[in-house]
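Numbers restart at 1 for each chain; the letters A, B, ... are given by sequence-line order, proteins then strands.
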2 protein chains.
Amino acid sequence: MADTKKPEMSASQAEILDAAAEVFMRLGTETASIDDVARQLGSTKGRIYHHFPSKGVLLAEVCLRAADFVLKKVPPVITPVATPEENLRQMILTHIPEVLRTLPYHKVIIQSYVGVQQKSTTPLERALFAQVQQERKTYETLFREVLRAGMEDGSFRAQNLSITLQSVLLMINAPVFWYRPRDDEPESFLPELSTQLADMALASLR
Amino acid sequence: MADTKKPEMSASQAEILDAAAEVFMRLGTETASIDDVARQLGSTKGRIYHHFPSKGVLLAEVCLRAADFVLKKVPPVITPVATPEENLRQMILTHIPEVLRTLPYHKVIIQSYVGVQQKSTTPLERALFAQVQQERKTYETLFREVLRAGMEDGSFRAQNLSITLQSVLLMINAPVFWYRPRDDEPESFLPELSTQLADMALASLR
DNA sequence: AGGCAAACATACTACTGAGTATGCTGTCAA
DNA sequence: TTGACAGCATACTCAGTAGTATGTTTGCCT
């Protein structure tokens with residue numbers, strides 16, 4: 001655990017992950033083949049297997065990147081000087097645009113969340129998915145602590161914390177299920193969407 | 001449209017659908033094979049293909065049944081004499097236990113909702129999935145109308161209706177993502193879960 | 001210049017899993 | 001009783017896909 005966990009991803013690897021996320025989103029992680037991903041890249045299998053040892057690892061890396069996106073943006077906006085309401089609101093207002101900016105990644109990680117333990121994975125794949133699980137747990141804890149603090153000081157209604165946490169998390173991820181970027185969409189839509197969801201989430205806690 | 005849409009499902013067919021829902025839930029709709037479903041039944045492929053022409057149709061029938069479950073229970077509790085809040089609360093308190101009672105089916109339909117258009121489907125499969133889409137839309141409309149009525153008479157805060165609808169729907173389906181029945185679970189847990197979610201959903205609208 | 005990796009492309013192999021063709025068995029009507 | 005059909009089981013076929021083995025090019029260091 002001595003070394004920092006940044007495996008120095010190359011530009012080509014990032015490009016492959018972008019393509020994989022896009023294709024996995026469109027076709028589903030199981031249905032999509034490595035050849036589909038290669039076609040999306042305008043290249044062939046060889047390129048992908050040069051950088052990733054298996055399809056399972058590729059999928060795991062996509063999920064890991066999805067988790068990293070929000071995990072880099074949200075923690076910095078939390079501050080001890082703010083009230084739980086203010087903290088939670090800022091977290092949500094940061095979370096939603098970042099998720100929609102990297103939408104394909106999050107559509108993929110939700111697939112892996114809804115369906116399925118991976119079948120017959122290699123040790124490396126298991127390790128990566130364990131890391132995804134870990135980061136997910138870390139991210140949940142950020143929200144859990146804010147909710148707990150708010151319930152303690154009476155800002156939020158006292159009730160089952162786990163249920164509350166899951167509900168709030170799913171609520172702020174709801175756009176992942178239905179949002180599709182549109183050409184005729186006004187500039188103001190994303191901020192409006194974010195604030196409305198933040199309002200609803202906060203209201204649900206009172 | 002003259003005939004009633006009840007294709008007279010046999011007991012054997014229902015048993016197959018139960019097994020398919022269970023296996024599709026555990027392994028994922030793409031990963032799970034027909035042989036897996038057959039093994040769950042303690043029989044072989046032959047039985048399944050005798051009743052269903054393809055894996056896609058089998059999956060579609062599972063989704064259709066999932067939609068039917070809630071669509072049979074929820075509409076009867078809606079009444080014009082009640083306020084929008086009261087109607088919505090009763091709908092949620094009916095929806096959640098029914099979903100958890102038939103959990104595997106709903107885990108499957110959510111998979112098909114998150115991931116993917118089906119690839120290279122037969123006309124029959126397309127027709128069935130269109131029917132699923134139709135029933136889903138019908139179900140959504142029930143909630144949309146109650147929300148709209150509540151916004152009109154001032155019970156609910158006026159805001160983007162579609163966003164509100166999607167958020168509420170996802171919120172009351174949240175347990176599908178995380179709930180797992182436990183042996184040491186008190187009798188009272190399900191009612192408590194339902195009322196807490198109903199409270200949160202209604203509060204989010206104020 | 002030249003050699004040597006890294007970064008791919010090409011051409012395979014092996015296997016899994018959907019779908020089919022056919023065989024077997026009980027049941028029920030005529 | 002018999003034949004005919006529903007309800008399965010068994011034993012295949014065949015297409016698609018993950019993974020591999022091996023070529024080919026491109027930078028890059030000396």
In whole angstroms, how far is the P atom of D:dA18 from the NZ atom of A:Lys45? 7 Å
Taking the minimum atom-to-atom distance to the side chain of A:Ser12, which one of D:dG19, C:dC8, D:dT17 wins? C:dC8
Let's go through A:Trp178 and B:Ile163 carefully: what are the C-alpha distance in whole Å and the side-chain angles of both, what is the deciding distance for side chain to side chain contact (heavy atoms under 4.5 Å, CB included) to 0.1 Å, and is it a yes or a no? CA-CA 9 Å; A:Trp178 55 262; B:Ile163 297 177; 4.0 Å; yes
Is the backbone of B:Phe24 close enough, under 3.5 Å, to the side chain of B:Gln111 for a donor and an acceptor to pair up by distance? yes
For A:Tyr49 and C:dC12, what is the distance between atoms OH and C1' respectively, to the nearest whole Å? 14 Å
Please tell me which of the listed nucleotides, C:dA18, D:dT17, C:dA9, lies nearest to the side chain of A:Ser43? C:dA9
Taking NZ from A:Lys55 and P from D:dT20, how many angstroms apart are they, rounded to a whole number? 15 Å
Could you state the atom-to-atom distance from CZ of B:Arg47 to P of D:dA11 in whole Å? 20 Å
OP1 or OP2 of D:dC8 sitting under 4.0 Å from any side-chain N/O of B:His51? yes
Between A:Met151 and A:Leu205, is the side chain to side chain contact (heavy atoms under 4.5 Å, CB included) condition met? List the steps. CA-CA 9 Å; A:Met151 287 188 189; A:Leu205 299 171; 5.7 Å; no
With a 4.0 Å cutoff (strictly under), does any side-chain N or O of B:Thr44 reach OP1 or OP2 of D:dC8? no
d(CD1, A:Ile34; P, C:dT16) in whole Å: 18 Å
Counting distance only, does the side-chain N/O of A:Tyr105 pair as donor-acceptor with the main-chain N or O of A:Asp18 below 3.5 Å? yes
Rounded to the Å, how far apart are B:Leu124 CG and C:dG19 C1'? 15 Å
Starting at atom CG of A:Leu41, determine the distance to atom C1' of C:dA9, rounded to an integer number of angstrom. 14 Å
From CG of A:Asp35 across to C1' of C:dA11 the rounded distance in Å is 13 Å
Any side-chain N or O of B:His50 less than 4.0 Å from the OP1 or OP2 oxygen of D:dC8? no
